[in-house]
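Lettering of chains follows the sequences in order, A, B, ..., and the numbering in each one begins at 1. This structure is a prediction, so every number in the text was calculated from the model and none was measured.
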Protein chains: 2
Amino acid sequence: MPPETRDALLDAAEELLDAGGVAAVTLREVGRRAGVSHNAPYKHFASKEALLAAVAARELLRRRDTLAGALAGAEPAEVVLRDALHRYAGWALSYPQRFKLIFGRWTIDSPDLAEAASAASAQLVDTVRAAQSRGTLPAGPPDRLAALLRAVAHGAADLEAAGHLSPTGKGRADAAGLVDDLLAHLRPGR
Amino acid sequence: MPPETRDALLDAAEELLDAGGVAAVTLREVGRRAGVSHNAPYKHFASKEALLAAVAARELLRRRDTLAGALAGAEPAEVVLRDALHRYAGWALSYPQRFKLIFGRWTIDSPDLAEAASAASAQLVDTVRAAQSRGTLPAGPPDRLAALLRAVAHGAADLEAAGHLSPTGKGRADAAGLVDDLLAHLRPGR
DNA sequence: ACCTGAACACCGTTCAAGT
DNA sequence: ACCTGAACACCGTTCAAGT
């Protein structure tokens, strides 16, 4: 285990991010919490922006792994798919600051990250294809269908996190419910 | 016209926001651009956060007006609806920083804003209801259907802005296309 | 290779004045 | 009522050293 300060810095940054948003993560406070000088971070990250990118990268890789686990399940494709979309929305609502960090500035051009993202995306497309051949999703290009499903999960979670989902109580919708609505509308033969 | 410095400050803040994101809007630079001392903003806004909230508020009210215009069109409901959703996504992609500001921190609890948001939402629901009675949208609670449509437009635009929409070229999707896909899937009788 | 302390330019906010 | 200038505490980043 070479650099253990590096992990301590990442942990401290993530903690500050979760607690107070990106504005609260301060290089100096990160150093303080990691027990090093206000200036040691520069030996591990080129800048504050680079530290934030590393936090985002770590979280994205974690997400990729849990998605892979969910999609590898033995259940029918439509169940696995619904579960994965619910998890996506649940994650966004549980860690809104990480969610916003990751999608707020996709200047993260590291090849591992791009690869992680496209691997996750490919897995989702595979599951969509499986559901299509089971007749639980309509025909059509599976990648567009996957993008549509993901857009709903993403948008509904973002709107719910921002409090923009029907604040008035009548037909109250939450992100998971909207995902279910879409899946129901997509079910063929009705 | 009472306070014309106030508008100058809002304009300067918006300019900085569009150019460099929320991190680039600095109270001192805002003052500089507005031709006042680094400190005059405090006579018009309680804090930097309050200035940003006012920028978000102004943009939200503008949006409400253009949405109202689009929804008041004489065309068939499904055309008006499609147009409004396309405009929503187009706005998000044209002004990503304003979009992120507005949905990034919905602590904007001013009553005018809440009212503007819910008025816009009600108009969208009305259009959905009209499309339903024309038979171009499936039955079901119109507010949930409206939330679903908005979630797709919102999520697809956010993902496209972040570069997360199928970076690989095959079944390439953009926000407007995903909105169209959803409307096509929702068309009853097929 | 990793860390420290001083230093610089910048920022948000407050305060005592000015008109 | 609106604005200014000095001041304070804080921050990102750089630099010259230390081990």
> Looking at Arg32(B), does any N or O in its side chain come under 4.0 Å of the phosphate oxygens OP1/OP2 on dC11(C)?
Replying inline: yes
> What's the NE2-P distance between His44(A) and dG12(D), to the nearest Å?
Replying inline: 17 Å
>> According to side chain to side chain donor-acceptor pair (under 3.5 Å), who are the partners of Thr26(A), at least two apart in sequence or on a separate chain?
In response: none
> Do Leu182(A) and Leu178(A) have side chains that get closer than 4.5 Å, going by heavy atoms?
Replying inline: no
Show every donor-acceptor pair shorter than 3.5 Å between a side-chain atom in residues 50-57 of chain A and any protein atom, with sequence neighbours excluded, or say none if there are none.
none

> In whole angstrom, what separates Phe45(A)'s CZ from dC2(C)'s C1'?
Replying inline: 14 Å
Return a table of donor-acceptor pairs under 3.5 angstrom between the side chains of residues 65-76 of chain A and protein atoms on other chains or two or more places apart.
from	atom 1	to	atom 2	distance (Å)
Thr66(A)	OG1	Arg63(A)	O	3.2

>> Which residues pass the side-chain contact (heavy atoms from CB on, under 4.5 Å) test with Asp11(A), not counting sequence neighbours?
In response: Arg58(A)
>> List the residues meeting ring-ring contact (aromatic ring centres under 6.0 Å, His included) with Phe99(B), not counting sequence neighbours, and say none if there are none.
In response: Trp91(B), Phe103(B), His154(B)
> Going 5' to 3' along nucleotides 13-19 of chain C, which nucleotides have protein heavy atoms under 4.0 Å from the base (write B), which only from the sugar-phosphate (write S), and which from neither (write -)?
Replying inline: BBB----
> Gln97(A): what forms a side chain to side chain donor-acceptor pair (under 3.5 Å) with it, not counting sequence neighbours?
Replying inline: none
>> Looking at dC3(D), I'd like to know if its phosphate oxygens (OP1 or OP2) sit under 4.0 Å from a side-chain N or O belonging to Thr5(B).
In response: yes
Can you give each donor-acceptor pair under 3.5 Å made by side-chain atoms of residues 16-23 of chain A, sequence neighbours left out, with the distance rounded to 0.1 Å?
from	atom 1	to	atom 2	distance (Å)
Asp18(A)	OD1	Arg98(A)	NE	3.1
Asp18(A)	OD2	Arg98(A)	NE	3.2
Asp18(A)	OD2	Arg98(A)	NH2	2.6

> For DNA chain D, what is the dot-bracket line, given that a base pair needs Watson-Crick (N1 to N3, plus N6-O4 or O6-N4) or G-U wobble (N1-O2 and O6-N3) geometry with both distances under 3.5 Å, and | means paired with another strand?
Replying inline: ||.|||||...|||||.||
